[in-house]
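Notes follow once the structure below has been shown.
Ligands are counted one by one from 1 in listed order, and the atoms in each one are counted from 1 as well.
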Amino acid sequence: MTTNAGAPVWNNDNSLTVGSPILLEDYHLVEKLANFDRERIPERVVHARGISAKGFFEVTHDISQLTCADFLRAPGVQTPVIVRFSTVIHERGSPETIRDPRGFAVKFYTREGNFDLVGNNFPVFFIRDGMKFPDLIHAFKPNPKSNVQEYWRVMDFFSHHPESLHTFTFLFDDIGVPQDYRHMEGSGVHAYTLINKAGKVHYVKFHWKPTCGVKCLLEEEAIKVGGANHSHATQDLHDSIAAGNYPEWKLFIQIMDPDHEDRYDFDPLDTTKTWPEDILPLQPVGRLVLNKNIDNFFAESEMLAFNPALVVPGIYYSDDKMLQGRLFAYGDTHRHRLGPNYLQLPVNAPKCAHHNNHHDGYMNFMHRDEEINYFPSRYDPTRHAERPPIPPVVISGRREKCSIEKQNDFKQPGERYRSWAPDRQERFIRRLVDSLADPRLTHEIRAIWVSWWSQADKSLGQKLASRLNVRPTM
Ligand code: HEM
């Protein structure tokens, strides 16, 4: 055993004293306590509770006609990945059986840099503009006075946002509490853009489907599982990988020609909408296999940093406003949570050669032995990389703050509700009624909700109205 500076530690049991008082010159004691005092870093502001695992992504179907992304170049190509699953709202040590979306974030360490697909288990999101994200999270987080999550705050906030109905048909559905991380789907949620060598562009949505199927916990099961083990999903993931029972997901894409963007009765770049699979079918692309547990939770899960802004040539963003908002937020939060050099941390660093002139700053540990730290220079061979194809679309318009035109907030939630068997509908209604029955909610707020659900599905609205004793407003 040594100190951090490498000097031998000859006694790690007793502090250095003269009589009883401890001497400040006990360097090892001071260093040990000081290190311990600083062990924690800020937890993620959302998705604080989670776990990661490593593995690979393998292309199974040729989509090189759609994208020039190197890691998608041909069937059989494998790329190392790290995946982090999470819950969204509660703190780092919270139970894993709560009703909450689950994060499903995949970092592909490609030869052209890291591609982060930072998605959720639901294919849609509550809102369509990142401006509202902090408010949404505040409403779901514990009441700042009581520090308890209270659904009257949730239902109050969302009573201003009918675009959230579709995501509530996932949150209050059985899949609102997945059985564990292995038995859930994943989705990139946003429309992304794939671009091929010739510059031809397609919009795509990414979907992960678990090969072992989707399973959920109903209320009584969740109470039992969570009561016995508040880390059951973390343990399940760890134990299955340790036992050689490797979790696997198939990756599918839905493909849309951007020229057809206006053909639909919804806006394809709206995160509150799914793309109908009968018109835009799921096309297989590859498989994700998690075959290695992490060695160290802090280094490989706490300090793991995803960012939807990390794309590679052949994959680009879309004009989805939520995605655009996220492009700023992640690097920003990582600089706060992990420091400006978070991309040097081994788990975040690309596995390919990388170079630029951003340097120094707190906790920089890159050893650079060079005199040219500017660009361009006739003494340094560094050149621009080859220009990747980017969407050629011409953008013009007035500066304005406005919502999208085709909101169509009620059709998809209604269709989803009607697709369920009666017992599933009944459980959904019960969860809605439970949250709307909160005594802090006013009659007005309940009536708004009933009117919205009536617009999604008339019979659903009638059932809610009668159970909540609210007169339907339409
Ligand atoms: C503009 C809207 C959004 C903002 C501002 C935002 C912000 C954040 C922030 C600050 C974190 C914590 C990151 C960290 O400390 O490591 C985070 C994590 C995360 N977000 Fe978002 N988010 C937004 C929308 C979304 C959406 C729509 C999804 C799903 C498609 C999503 C999925 C995730 C996931 C999966 C994580 C956890 C990543 C991990 O495992 O480390 N977020 N988000």
Side-chain angles (χ1 to χ4, degrees), residues 40-54 81-92 94 96 100-107 114-141 161 163-164 166-167 170-171 178 181 184-192 205-208 233-234 237 269-274 290 294 297-310 317-339 342-343 345 347-348:
R40 296 286 175 277
I41 58 171
E43 65 174 32
R44 290 168 176 83
V45 61
V46 280
H47 295 261
R49 169 59 133 150
I51 187 64
S52 51
K54 296 191 268 192
V81 297
I82 187 160
V83 178
R84 184 170 178 273
F85 302 111
S86 50
T87 61
V88 180
I89 293 300
H90 295 284
E91 63 273 22
R92 191 151 45 189
S94 51
E96 296 180 304
D100 201 14
R102 299 298 189 267
F104 192 131
V106 184
K107 189 182 287 295
N114 293 348
F115 167 48
D116 286 1
L117 185 56
V118 196
N120 279 345
N121 64 329
F122 303 160
V124 284
F125 202 69
F126 296 99
I127 47 169
R128 51 169 75 98
D129 190 322
M131 178 70 100
K132 292 173 183 282
F133 187 79
D135 297 291
L136 172 164
I137 295 298
H138 291 172
F140 268 115
K141 285 265 188 193
H161 298 102
E163 69 270 33
S164 66
H166 197 191
T167 305
F170 289 84
L171 186 69
Y181 295 132
M184 62 181 205
E185 298 189 336
S187 171
V189 179
H190 308 284
Y192 283 82
K205 286 216 187 213
F206 294 102
H207 300 282
W208 299 107
T234 295
L237 185 70
L269 305 187
D270 173 0
T271 40
T272 71
K273 301 294 182 294
T274 46
L290 296 180
I294 52 172
F297 178 74
F298 187 78
E300 296 174 288
S301 199
E302 272 309 271
M303 297 208 295
L304 177 55
F306 291 93
N307 186 347
L310 299 188
Y317 323 119
S318 71
D319 292 350
D320 171 340
K321 274 206 250 182
M322 279 294 287
L323 178 57
Q324 294 282 325
R326 296 178 75 198
L327 300 184
F328 161 73
Y330 289 71
D332 185 53
T333 199
H334 300 327
R335 288 180 192 102
H336 156 68
R337 193 170 73 83
L338 301 165
Y342 69 96
L343 282 170
L345 295 167
V347 74
N348 298 325

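Heavy atoms from both the backbone and the side chain of V118 come within less than 4.0 Å of ligand 1. For Y330, every heavy-atom contact with ligand 1 shorter than 4.0 Å involves the side chain, none the backbone.
We find that R44 and E302 are joined by a salt bridge, their nearest charged nitrogen and carboxylate oxygen being less than 4.0 Å apart.
Among all protein heavy atoms, the one lying closest to atom 7 (C) of ligand 1 is F133 CE2, 3.6 Å. Nearest non-hydrogen protein atom to atom 14 (C) of ligand 1 is R44 CG, 3.4 Å. From the protein, the heavy atom lying nearest to atom 10 (C) of ligand 1 is V45 CG1, 3.5 Å. Nearest to atom 40 (O) of ligand 1 among the protein's heavy atoms is R84 NH1, 2.6 Å. In terms of protein heavy-atom proximity, atom 35 (C) of ligand 1 is nearest to G119 O, 3.2 Å. If you check which protein heavy atom lies closest to atom 33 (C) of ligand 1, you get H47 NE2, 3.2 Å. Protein heavy atom nearest atom 38 (C) of ligand 1, with residue, atom name and distance: F306 CD1, 3.9 Å. Looking only at heavy atoms of the protein, atom 12 (C) of ligand 1 is closest to V46 O, 3.9 Å.
At distances below 3.5 Å, not a single donor-acceptor pair connects side-chain atoms of R49 with backbone N or O atoms of T87. Within the 3.5 Å criterion, the main-chain N or O of V118 finds no donor-acceptor partner in the side chain of D116. The main-chain N or O of T234 is found under 3.5 Å from a side-chain atom of E96 such that the two form a donor-acceptor pair. Using a distance-only test at 3.5 Å, with no hydrogens or angles considered, no donor-acceptor pair links the side chain of S86 to the main chain of V88. Side-chain N or O atoms of E300 include none that pairs as donor or acceptor with a backbone N or O of I294 at under 3.5 Å. A donor-acceptor pair under 3.5 Å links the side-chain atoms of K107 to the main chain of A305, judged by distance alone.
For Y192 and Y317, the gap between ring centers reaches or exceeds 6.0 Å.
Among the atoms of S86, none of the N or O lies under 3.5 angstrom from an N or O of ligand 1. Residue contacts with ligand 1: S187 is placed with no nitrogen or oxygen under 3.5 Å of a nitrogen or oxygen of the ligand (distance criterion only).
When the shell of 6.0 Å around NZ of K132 is examined, it contains 12 or fewer heavy atoms from other residues, nucleotides or ligands.
Atom numbering of ligand 1 starts at 1 in the shown order; those under 4.0 Å from a heavy atom of H334 are 13 (C), 14 (C), 16 (O). Against a heavy-atom cut-off of under 4.0 Å, M322 is close to the following atoms of ligand 1: 1 (C), 2 (C), 27 (C). Shown in contact with V189 at under 4.0 Å from a heavy atom are these atoms of ligand 1, numbered in order with element: 30 (C). For ligand 1, the atoms lying closer than 4.0 Å to a non-hydrogen atom of A329 are 5 (C). Interface atoms of ligand 1 facing T333, defined by a heavy-atom separation under 4.0 Å, are 10 (C), 13 (C), 14 (C), 15 (O). Against a heavy-atom cut-off of under 4.0 Å, G130 is close to the following atoms of ligand 1: 1 (C). Numbered from 1 in the order shown, with element, the atoms of ligand 1 that lie under 4.0 Å from a heavy atom of G103 read 35 (C).
Put simply, no part of G50 is less than 4.0 Å from ligand 1, judged by heavy atoms. Taking a 4.0 Å cut-off on heavy atoms, N120 registers as neighbouring ligand 1.
Donor-acceptor pairing under 3.5 Å is lacking for the side chains of D320 and S318. Judged purely by distance below 3.5 Å, without hydrogens or angles, the side chains of R84 and H47 never pair a donor atom with an acceptor atom.
Side-chain contact between V124 and K273 is absent, with no heavy-atom pair separated by less than 4.5 Å. Counting only heavy atoms from C-beta outward, the side chains of H334 and L343 never approach each other to under 4.5 Å.
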